[in-house]
Amino acid sequence: MSDKPVVTRFAPSPTGTLHIGGARTALFNWLFARGRGGKFLLRIEDTDRARSTPEATAAIYAGLKWLGLDWDGDATSQFEGAARHAAVAHEMLARGHAYKCFATQDEIQAFRDAARGEGRSTLYQSPWRDVAPADHPDAPYVIRVKAPKSGETVIMDQVQGRVVWKNDQLDDMICLRSDGTPTYMLAVVVDDHDMGVTHVIRGDDHLANAARQTLVYNAMGWDVPVWAHIPLIHGPDGKKMSKRHGATGVEEYQALGYPAAGMRNYLTRLGWSHGDDEFFSDEQARDWFNLGSIGKSPSRFDTKKLENICGQHMAVADDAALVAEITTFLAATGREKLSDDQNAGLTRAMYCLKERSKTLPQLIDKAYFILTDRPIEPDEKSARSLETVSRGMLKELTPHLQTVSWGRDTLETVVAEFALAHDTKLGKIAQPLRAALAGRTVSPSVFDMMLVLGRDETLARLGDVQG
RNA sequence: GGCCCGUUCGUCUAUCGGUUAGGACAUCUGGUUUUCAACCAGGAAAGAGGGGUUCAACUCCCCUACGGGCUACCA
């Protein structure tokens, strides 16, 4: 069983956007499969017709695509397998591992109320469990599994270890509803089995379900998959991540401009470790990822660390890839796309932009000088460094720039000597230069801007502010 | 209520019976600097509490506290 090719799956229910916790679950499944030459499948758990929406399904696809988590084959719909699920329920019935229960929901509710009132277990004990078919009424029924009354059910979990339940704690859960539709508990097992899933990696809110689902595997005589129940991601206050904490959906992080590579790295490291390694490539993540190094306790989401990791990824990213990522970012956030000239400029400037930004918006902000055309309209802050004295200095500096050879070293030398000759600090001349070139107080180095802009454009911008 | 899971610096984590309990982010102090980012040097910062087991426990066992999950004809 361990030498079978790995098959993992991500099985979200389409009732909202792709939650950050779901994204990490998907990521772990993807990493595990991709690192072992296995398959990563996507199944949409849409059996709850009332809550499932096509928009949510689209959001899940979009979120996974943004994160770069590609799945094998087409995504499947759980709902479409309803007939197959029902057939399995009836097969369990035929095998004597399930039974028809004619209890009404009112009867069950009354049982639970009474049980709770008396402090007994609220697990429903159906009176129909051992009733012969000949004595069945002609009435609506559900199909329940026959949970063993004694002994125990053991889950060997790659993250949680060995977890044991006394069988009398397991209820005869419903597999087929009275309207003939399958419940989630049945459908997951059938689908995972039919899809050949070898490793079920999911949130630990499903840990207890694993025991109940084992009943179905056993009833059908199917191999139980390898389990790995991973702890949930919490907000900064340790509570389950929710809207109160700010962004919860991956599309929000995309809109905030976190690069996907940084997001993957951060999410991978959240709850999983490989010694002291914090910053790594996708390739390393795939090679290193394993189930045994997943932590057992929930981890808190830390935006500061996310930013730090993202900054490191941007700094080493390929220039063209970053330009492409910015293009999709602008499109995804409904902003105007860049012109060919702007794209070319951005590409030329990328070397000095990427190492000073942690998010895409920060990078775009610093790229202002290359994305804007003359005449530059200085913002309020930068305008302050363009008073009379500064303008005079720029005017004096200009001739020097007309003749110098246009290279980083020579430019630095010229400006430094100019500052020295005027008995002033480099900063005193750099700020007005920055204001003239970028119209902002924050930008790349003035020398980098001059190089990227070129001599003509630089001189033109300097001329613009000299009045 | 019942069952199950968890608990190392503020945060993410390393450690898998013997360490001055390590790293990273954040934070603080210096330095560098042309703004931002970065960089260099240094500081502060942790084993929830209580019992065991052991020559030795963060590490194994038990109890308590706290946090979380499940307990649906939801997924």
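Every chain is numbered from 1, with letters handed out A, B, ... down the list of sequences.
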Exercise for the section: Would you kindly give the CD-to-P distance between Gln169(A) and rU71(B), to the nearest whole Å? Expected result: 14 Å
Exercise for the section: Sticking with atom P, work out how far rC4(B) lies from rG43(B), rounded to a whole angstrom. Expected result: 47 Å
Exercise for the section: Quick one: label Gln105(A) by what it contacts on the DNA or RNA (base, sugar-phosphate, nothing), any heavy atom closer than 4.0 Å. Expected result: base
Practice task
Pick the P atom in rA24(B) and in rA38(B), then give their distance to the nearest Å.
Solution key: 15 Å
Problem - For atom CZ of Arg51(A) and atom P of rA72(B), their distance in whole Å - result: 16 Å
Practice task
For the pair Asp172(A) and Lys146(A), find out whether any cationic side-chain nitrogen is under 4.0 Å from an anionic carboxylate oxygen.
Solution key: no
Exercise for the section: Measure from CZ on Arg356(A) to C1' on rA37(B) and round the result to the nearest Å. Expected result: 6 Å
Exercise for the section: Run the ring-centre check on His85(A) versus Tyr184(A) and record whether the distance is less than 6.0 Å. Expected result: no
Problem - Out of rU13(B), rG67(B), rC73(B), whichever nucleotide has its closest atom nearest the side chain of Lys239(A) - result: rG67(B)
Problem - rC25(B) to rA44(B) separation - C1' atoms, rounded to the nearest Å - result: 16 Å
Fill in the blank from the handout: Ranking rA37(B), rC70(B), rC73(B) by distance to the side chain of Lys358(A), first place goes to rA37(B)
Exercise for the section: Tell me what Arg440(A) touches on the nucleic acid: a base, only sugar-phosphate, or nothing, going by heavy atoms under 4.0 Å. Expected result: nothing
Practice task
Compare the minimum distances between each of rC12(B), rC73(B), rA75(B) and the side chain of Thr47(A), then state the nucleotide with the smallest one.
Solution key: rA75(B)
Exercise for the section: Can you tell me, in whole Å, how much space there is between the C1' of rG2(B) and that of rC61(B)? Expected result: 24 Å
Problem - Proximal nucleotide (of rA75(B), rC5(B), rA37(B)) relative to the Val163(A) side chain - result: rC5(B)
Practice task
Under a 3.5 Å limit for both distances, which nucleotide forms a Watson-Crick or G-U wobble pair with rG30(B), could you say?
Solution key: rC40(B)
Problem - Euclidean distance for P, rC9(B) against rA21(B) (whole angstrom) - result: 15 Å
Handout entry: Lys/Arg-Asp/Glu bridge criterion (N-O < 4.0 Å) met for Asp168(A), Lys149(A)
Key = no
Practice task
Could you check how far NE2 of His313(A) sits from C1' of rA37(B), rounded to whole Å?
Solution key: 17 Å
Exercise for the section: For the pair Asp237(A) and Arg300(A), find out whether any cationic side-chain nitrogen is under 4.0 Å from an anionic carboxylate oxygen. Expected result: no
Problem - P spacing across the pair rA48(B) / rA14(B), given as an integer number of angstrom - result: 14 Å
Exercise for the section: In whole angstrom, give me the gap between the C1' atoms of rU8(B) and rG23(B). Expected result: 13 Å
Problem - Residue Asp276(A), side-chain atoms from C-beta onward, closest of rG22(B), rC5(B), rU71(B) - result: rG22(B)
Problem - rC70(B) to rC12(B) separation - C1' atoms, rounded to the nearest Å - result: 27 Å
Problem - Residue closer to the 5' end of RNA chain B, Asn209(A) versus Glu355(A) (nearest nucleotide) - result: Glu355(A)
Practice task
Indicate the ring-plane relationship of Phe301(A) and Tyr266(A), choosing parallel, tilted or perpendicular according to the 30° and 60° boundaries.
Solution key: perpendicular
Problem - Close aromatic pair by centroid cut-off 6.0 Å: His136(A) and Phe102(A) - result: yes
Practice task
Using the closest heavy atom to pick a nucleotide of RNA chain B for each, name whichever of Asn308(A) or Lys366(A) lands nearer the 5' end.
Solution key: Asn308(A)
